Amino acid sequence: MKVVFKNKEAIVIGQKDFEEQHIFESGQVFRFLPAEKGYIGVAGDKRANIYMQDGNLHIFPCDESIFPFWRDYLDLDTDYTAIKDTLSFDDYVKESINYGSGLRILKQDPFETLISFIISANNNVKRIMGIIDRICTAFGEAKNDTFGTYYAFPTPAELIKASVQDFIECGAGYRAPYLAQTVKSINDGFDLEVIGEMEYSDAKKKIQQLHGVGPKVADCILLFAYGFGQAYPLDVWVKRVTRSIYLQDDCSLKEMSEFSYNKFGEYAGIAQQYMFFNVRKNGLPETIELDRK
DNA sequence: TCCCAGGGCTTGT
DNA sequence: ACAAGCCATGGG
């Protein structure tokens with residue numbers, strides 16, 4: 001990997017498989033917005049403008065000391081071309097890869113991902129973004145960069161100060177008590193670190209002990225924060241695709257989950273992201289919709 | 001087993 | 001303009 005640093009900017013020369021829209025509008029992250037060039041957003045306590053230009057990836061502001069953070073966050077060391085080749089044996093995934101060819105799975109902070117995806121339950125992206133933004137503004141640390149003031153995602157110690165009423169005022173609705181209870185569990189010593197070292201099925205059971213975390217939210221956290229490739233988040237759209245194309249209308253969550261691992265193995269979560277991006281953008285395939293009527 | 005609980009956006013009238 | 005539908009999880 002060749003990286004040039006100049007004018008407070010990191011430039012990764014010849015970055016492959018990277019399209020800002022595919023990455024930041026695939027439902028995995030809620031703090032990035034379209035900017036003049038690419039997207040600008042906050043991850044943890046760092047903000048950056050991230051954009052592709054002439055085949056190079058630009059990260060601004062970013063110097064040598066911050067670059068390893070973004071390299072890890074943006075999963076730059078994973079070869080997505082190879083993964084796409086591996087997954088292309090399946091026709092629907094292959095078609096989906098054509099639409100979302102520049103998708104990558106971000107490696108986000110576990111606590112931030114946990115809180116964000118509890119909020120995501122039974123909710124739409126715009127509202128989720130608003131709730132998270134208000135929580136960060138109220139409880140996160142204020143920071144300044146060349147774009148102005150922004151707010152870091154609050155730490156567990158900062159967010160323990162938020163009451164159920166505070167979360168309601170941020171717009172969290174009936175998820176407010178789940179948030180308050182889960183933040184308390186983390187502060188009381190629930191260990192988010194060990195999750196990453198566990199077997200997938202044990203990790204999934206463990207994270208579901210937290211209030212507001214069911215099987216779908218658990219898979220989102222395991223995939224987007226810990227990089228468990230076999231986590232296959234079954235939201236309503238992926239359920240529809242999985243039922244329509246691969247299984248039957250009445251199959252259970254367990255059957256779909258087992259199917260995904262048998263079919264895509266360690267790459268199930270990445271296959272899910274390509275399919276999710278495709279189905280959200282283009283809807284279910286026409287033949288499938290006819291079948292369902 | 002089924003039903004209900006914010007609320008903002010999307011889709012249909 | 002206005003109403004109905006959408007949505008993961010926990011609790012009754």
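All values below were derived from every heavy atom in this structure, side-chain atoms included, with hydrogens, water molecules and symmetry-related copies excluded. All chains are named by letter (A, B, ...) in the order of the sequence lines, taking the proteins before the strands, and each is independently numbered beginning at 1. All figures in this text were calculated on a predicted structure; none of them were measured in a lab.
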If we take the [atom1] atom in both [N] and [M], what is their distance in whole Å?
{"N": "C/dG12", "M": "B/dG6", "atom1": "P", "result": "15 Å"}
{"N": "C/dT9", "M": "B/dC9", "atom1": "P", "result": "23 Å"}
{"N": "C/dA8", "M": "B/dT10", "atom1": "P", "result": "16 Å"}

Next on the checklist: Less than 3.5 Å apart, any donor N or O on the side chain of A/Ser101 or A/Tyr80 sitting next to an acceptor on the other?
Outcome noted: no
Base, sugar-phosphate, or nothing for [X], non-hydrogen atoms under 4.0 angstrom?
{"X": "A/Pro177", "value": "nothing"}
{"X": "A/Leu234", "value": "nothing"}
{"X": "A/Val213", "value": "sugar-phosphate"}

Checklist entry - With a 4.5 Å limit on heavy-atom distance, are the side chains of A/Gln15 and A/Asn56 in contact? => result no
Write down the distance between [atom1] ([X]) and [atom2] ([N]), rounded to a whole number of angstrom.
{"X": "A/Phe276", "N": "C/dA8", "atom1": "CZ", "atom2": "P", "result": "9 Å"}
{"X": "A/Lys239", "N": "C/dA8", "atom1": "NZ", "atom2": "C1'", "result": "7 Å"}
{"X": "A/Phe117", "N": "C/dA8", "atom1": "CZ", "atom2": "P", "result": "11 Å"}
{"X": "A/Ile132", "N": "B/dG8", "atom1": "CD1", "atom2": "C1'", "result": "15 Å"}
{"X": "A/Tyr174", "N": "B/dC3", "atom1": "OH", "atom2": "P", "result": "16 Å"}
{"X": "A/Asn123", "N": "C/dG10", "atom1": "CG", "atom2": "C1'", "result": "16 Å"}
{"X": "A/Met129", "N": "B/dG7", "atom1": "CE", "atom2": "C1'", "result": "17 Å"}
{"X": "A/Ile221", "N": "C/dT9", "atom1": "CD1", "atom2": "C1'", "result": "12 Å"}

Item to check | Atom pair NZ/OH of A/Lys84 and A/Tyr274 - distance to nearest 0.5 Å | outcome: 5.0 Å
Next on the checklist: If you apply the rule salt bridge (Lys or Arg N to Asp or Glu O under 4.0 Å), what do you find for A/Asp77 with A/Arg71, and how did you get there?
Outcome noted: CA-CA 7 Å; A/Asp77 292 301; A/Arg71 179 179 183 155; 2.9 Å; yes
Checklist entry - Of A/Gly212 and A/Arg175, whose nearest nucleotide on DNA chain C comes first from the 5' end? => result A/Arg175
Checklist outcome for this item: Nearest-nucleotide check on DNA chain C, A/Gln181 vs A/Val236; residue mapping nearer the 5' end is A/Val236
Item to check | A/Phe139 and A/Phe167 aromatic ring geometry - parallel, tilted or perpendicular at 30°/60° bounds | outcome: tilted
Checklist entry - Between A/Trp70 and A/Phe32, how do the two ring planes meet: parallel, tilted or perpendicular, split at 30° and 60°? => result perpendicular
Residue [X], side-chain heavy atoms: nucleotide from [options] that is nearest:
{"X": "A/Lys216", "options": "B/dG7, C/dG10, C/dA8", "value": "C/dA8"}
{"X": "A/Arg127", "options": "C/dC6, B/dA5, B/dG7", "value": "B/dG7"}
{"X": "A/Val217", "options": "B/dG6, C/dT9, C/dG10", "value": "C/dT9"}
{"X": "A/Pro215", "options": "C/dT9, C/dG11, C/dA8", "value": "C/dT9"}

Next on the checklist: Side-chain N or O of A/Lys126 versus OP1/OP2 of B/dG7: is the shortest distance under 4.0 Å?
Outcome noted: no
Next on the checklist: On DNA chain B, does the nearest nucleotide to A/Asn124 precede the nearest nucleotide to A/Tyr178 from the 5' side, or the other way round? Give the residue.
Outcome noted: A/Tyr178
